[in-house]
Student: 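Below is the structure I would like to discuss, written out as structure tokens.
Note on naming: letters A, B, ... go to the chains in the order of the sequence lines (proteins, then strands), and numbering restarts at 1 for each one.
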Amino acid sequence: LAHTCPGFPEHVGRDRALELLKPVLEDKAVAKVGQNLKFQSIVFNNRGIELAGLRFDTMIASYVINPGLKQHDLNFLAQHYLNLRKTTFEEVAGKGKGRKCFSDVDLEQASKYSCEDADVALRLMEVLGKQLREDENEELFYNVEMALIPVLLDMEITGIKIDKPFFSEMSETFSRELDQIEKEIYLEAGTEFNINSPQQLGTVLFDKLQLPILKRTSKTKAHSTDVKVLTKLAALPFKIPKLLLRYRTLSKLKATYLDSLVKLADPVTGRLHTSFNQTVAATGRLSSSNPNLQNIPIRGEEGREIRRGFVAEDGCRLLSADYSQVELRIFAHYSGDDAFIEAFREQEDIHTRTAAEIMSIGREEVTPDRRRIAKAINFGIIYGMGPHKLSEELGIDHETAKNYISAYYERYRGVARYRDEVIGAAREKGYVTTLFNRRRYLPDINHKNRIIRSEAERMAINTPIQGTAADLIKMAMIRIHGRLKKEGFRSRMLLQVHDELVFEVPEDEIDTAPKLIRSEMEGGFQLKVPLKVDMKIGRNWDEAH
DNA sequence: AACGTCACG
DNA sequence: ACGTACGTGACGTTA
Ligand SMILES: [Mg+2]
């Protein structure tokens with residue numbers, strides 16, 4: 001419709017066409033079927049049209065049917081489900097340097113390509129819809145994933161404001177320190193080299209300075225220089241490992257956050273607009289990209305400072321609401337274990353309780369160090385961790401680690417039962433499911449190689465837990481979004497970070513919005529244990545978290 | 001495009 | 001078809 005170049009035949013033109021189509025596109029009674037409807041909605045949104053009646057997204061249907069697939073594009077789906085070879089975009093527009101803008105593609109070809117897209121999507125709906133029904137995934141597909149599209153769309157369009165001068169100044173400060181460290185590293189190394197090159201760095205550390213090789217990299221068996229290796233090397237009488245650790249921290253934060261985010265912020269509004277990907281993570285989680293706003297630093301001191309650059313608009317505050325230990329609570333629910341469930345019902349400190357259980361001591365005898373051990377085990381168990389990793393993680397010997405784990409399974413019998421059941425079911429069916437029937441296939445669960453099979457078993461243990469947490473927060477998001485709109489709030493949902501939701505709240509809604517949010521996050525579904533949400537309000541994301 | 005590295009839950 | 005705890009995305013280097 002936007003074809004305008006001279007030589008094209010006379011046609012209705014984009015603006016007039018959109019004017020004519022607008023009532024149909026915005027009519028929710030007219031069902032829309034297509035591939036990647038959130039993207040289509042953004043395109044229409046740029047022309048002032050609010051696509052309504054989103055009925056069936058083929059990309060998302062494919063993801064619900066098999067979230068482990070790496071591809072859900074229309075060409076793949078056509079081939080896979082319809083045994084049909086669709087014209088590719090490259091075939092009509094070309095690729096590389098010679099690639100044309102779609103509005104310059106021959107009109108006949110462009111029309112045919114566009115119609116094929118629509119036709120294939122509609123035909124896919126039949127096949128995918130049948131599969132969804134067969135797998136008992138219609139609830140999850142329509143009421144969770146499809147319903148989530150307009151929520152994510154609003155979040156992406158709203159964006160979050162950053163303080164650009166704050167980031168730029170911080171970047172300058174980092175630059176000065178980096179220059180300083182760079183010189184010191186060259187001095188210690190006795191040569192200049194590219195510090196950002198793990199290969200060149202390896203040569204300096206392990207050939208020139210003859211430091212011990214502690215680890216090799218997984219793919220190429222090169223000499224590893226990662227943070228664990230450098231931390232161990234820092235105990236030796238060399239200055240260079242510590243300098244490198246500092247250099248790595250600063251350059252990571254500068255390149256990935258300070259400099260990149262400023263470039264991506266809208267020049268007028270100062271807001272960042274991420275993409276929430278609904279068809280990437282094999283467990284049912286969302287992912288975020290361009291920029292990724294789900295991995296903003298928080299752990300280190302300088303990293304934490306970066307959060308202060310995520311701010312609320314004038315007259316607003318940021319509100320962060322995050323689930324407390326949601327995965328452990330889901331794990332307790334699945335295990336059905338009395339001791340585990342009781343701990344959460346009585347609002348006990350779960351790590352203290354675990355320490356007391358596995359060390360057979362009174363809760364008053366649990367020291368901070370014992371609690372730390374129990375915390376690592378609680379975390380490790382939901383990932384299917386073995387004694388090897390636990391001993392390494394805690395710096396204890398292999399035998400002790402083994403004893404802790406067996407004591408854990410002894411005291412929390414339900415946990416052992418869960419582990420055996422979920423692995424057994426996976427072997428039998430070839431997949432595991434979440435509480436809301438989201439499926440993940442694990443073809444390697446019966447593999448004859450122990451290492452590969454163990455990997456699949458850990459996925460079998462973890463996926464129902466991580467996936468159920470993802471299902472729960474998605475449902476909460478849908479309800480919160482619906483109520484904020486229906487009840488006339490001006491508060492907006494901005495971000496989701498797996499167990500956390502971030503909102504921008506006008507000052508006059510600070511007394512009302514949090515109650516709504518908490519109620520929908522905690523109360524959407526009754527598990528055998530209560531769900532708990534921590535909330536905080538601040539002028540920036542650091543203060544709010 | 002693959003790799004090593006490192007930011008998050 | 002590979003190390004050993006799950007799930008992601010981005011950066012800079014190298015081939
Ligand atoms: Mg939390």
Student: Write down the distance between CG (A:L495) and P (B:dG9), rounded to a whole number of angstrom.
Tutor: 13 Å

Student: Which nucleotide in the list C:dC6, B:dG9, B:dG4 gets nearest to the side chain of A:H498?
Tutor: B:dG9

Student: Between atom CG in A:L230 and atom C1' in B:dT5, what is the gap in whole Å?
Tutor: 10 Å

Student: Once hydrogens and angles are ignored, does a donor-acceptor distance under 3.5 Å link the base of C:dG3 to the side chain of A:R216?
Tutor: no

Student: Figure out the CG/C1' separation between A:L201 and B:dT5, and round it to whole Å.
Tutor: 11 Å

Student: Using the P atom in both, what is the distance from B:dG4 to C:dC2, to the nearest Å?
Tutor: 13 Å

Student: Using a cut-off of 4.0 Å on non-hydrogen atoms, how would the nucleic acid contact of A:R458 be classed: base, sugar-phosphate, or nothing?
Tutor: sugar-phosphate

Student: How many whole angstroms separate atom CD of A:E327 from atom C1' of C:dG7?
Tutor: 9 Å

Student: Apply salt bridge (charged side-chain N to carboxylate O under 4.0 Å, His left out) to the pair A:D266 and A:R271, showing each step before the final yes or no.
Tutor: CA-CA 5 Å; A:D266 186 293; A:R271 297 181 84 93; over 6 Å; no

Student: Reckon A:T225 touches a base, only the sugar-phosphate, or nothing at all at heavy-atom distances under 4.0 Å?
Tutor: sugar-phosphate

Student: Give the minimum heavy-atom separation between A:V229 and A:S224, together with the two atoms involved.
Tutor: CG1-O, 3.5 Å

Student: Nearest whole angstrom, please: distance from the C1' of C:dG3 to the NE2 of A:H398.
Tutor: 13 Å

Student: Please classify the nucleic acid contact of A:S224 as base, sugar-phosphate, or nothing, using heavy-atom distances under 4.0 Å.
Tutor: sugar-phosphate

Student: For residues A:I350 and A:F340, determine if any side-chain heavy atom of one lies less than 4.5 Å from a side-chain heavy atom of the other.
Tutor: yes

Student: Kindly say whether A:I396 contributes a backbone atom to a donor-acceptor pair with the side chain of A:T400 at under 3.5 angstrom?
Tutor: no

Student: Rounded to the Å, how far apart are A:Q496 CD and C:dG7 P?
Tutor: 17 Å

Student: Name the pairing partner of C:dC2, where a pair is Watson-Crick or G-U wobble with both distances under 3.5 Å, or state none.
Tutor: none

Student: Let me know the distance between NZ of A:K221 and C1' of B:dG4, rounded to the nearest Å.
Tutor: 13 Å

Student: In whole Å, measure the gap between the C1' atoms of B:dC8 and C:dA5 for me.
Tutor: 16 Å

Student: Can you see if the side chain of A:R453 gets near the phosphate of C:dA1 - specifically, an N or O under 4.0 Å from OP1 or OP2?
Tutor: no

Student: Within the 4.0 Å limit for protein heavy atoms, which parts of nucleotides 8-15 of chain C are touched? Write it as a string from 5' to 3', B for base, S for sugar-phosphate only, - for none.
Tutor: SBBSSSSS

Student: Pick the P atom in C:dG7 and in C:dA1, then give their distance to the nearest Å.
Tutor: 15 Å

Student: Reckon A:R248 has a side-chain N or O less than 4.0 Å from the OP1 or OP2 of B:dC6?
Tutor: yes

Student: Would you say the side chain of A:Q294 and the base of B:dC8 hold a donor-acceptor pair, judged only by whether the two atoms sit under 3.5 Å apart?
Tutor: no

Student: Which atom pair, heavy atoms only, marks the closest approach of A:T217 to A:H223?
Tutor: CG2-C, 4.5 Å

Student: Which of the following nucleotides, C:dG3, C:dC2, B:dG9, is nearest to the side chain of A:I452?
Tutor: C:dC2

Student: Take the angle between the ring planes of A:F379 and A:H351 and call it parallel below 30°, perpendicular above 60°, tilted in between.
Tutor: parallel

Student: Rounding to a whole Å, what distance do you find between A:R304:CZ and B:dC8:C1'?
Tutor: 13 Å

Student: For A:E192 and A:Y186, indicate whether the former's side chain and the latter's backbone hold a donor-acceptor pair under 3.5 Å.
Tutor: no

Student: Is the closest basic N to carboxylate O distance between A:R304 and A:D542 below 4.0 Å?
Tutor: yes

Student: For a quick test of your reading: what N or O donor-acceptor pairs under 3.5 Å do the side chains of residues 159-168 of chain A make, sequence neighbours left out?
Tutor:
from   : atom 1 : to     : atom 2 : distance (Å)
A:K161 : NZ     : A:E313 : OE2    : 3.2
A:D163 : OD1    : A:F166 : N      : 3.2
A:S168 : OG     : A:K164 : O      : 3.1

Student: For a quick check of understanding: with a heavy-atom distance under 4.0 Å over all strands, which category does A:I381 fall into, base, sugar-phosphate or nothing?
Tutor: nothing

Student: Between A:E455 and A:N449, which is nearer to the 5' end of DNA chain C once each is assigned its nearest nucleotide?
Tutor: A:N449

Student: What contact category does A:G386 fall into here, base, sugar-phosphate, or nothing, at under 4.0 angstrom with non-hydrogen atoms?
Tutor: sugar-phosphate

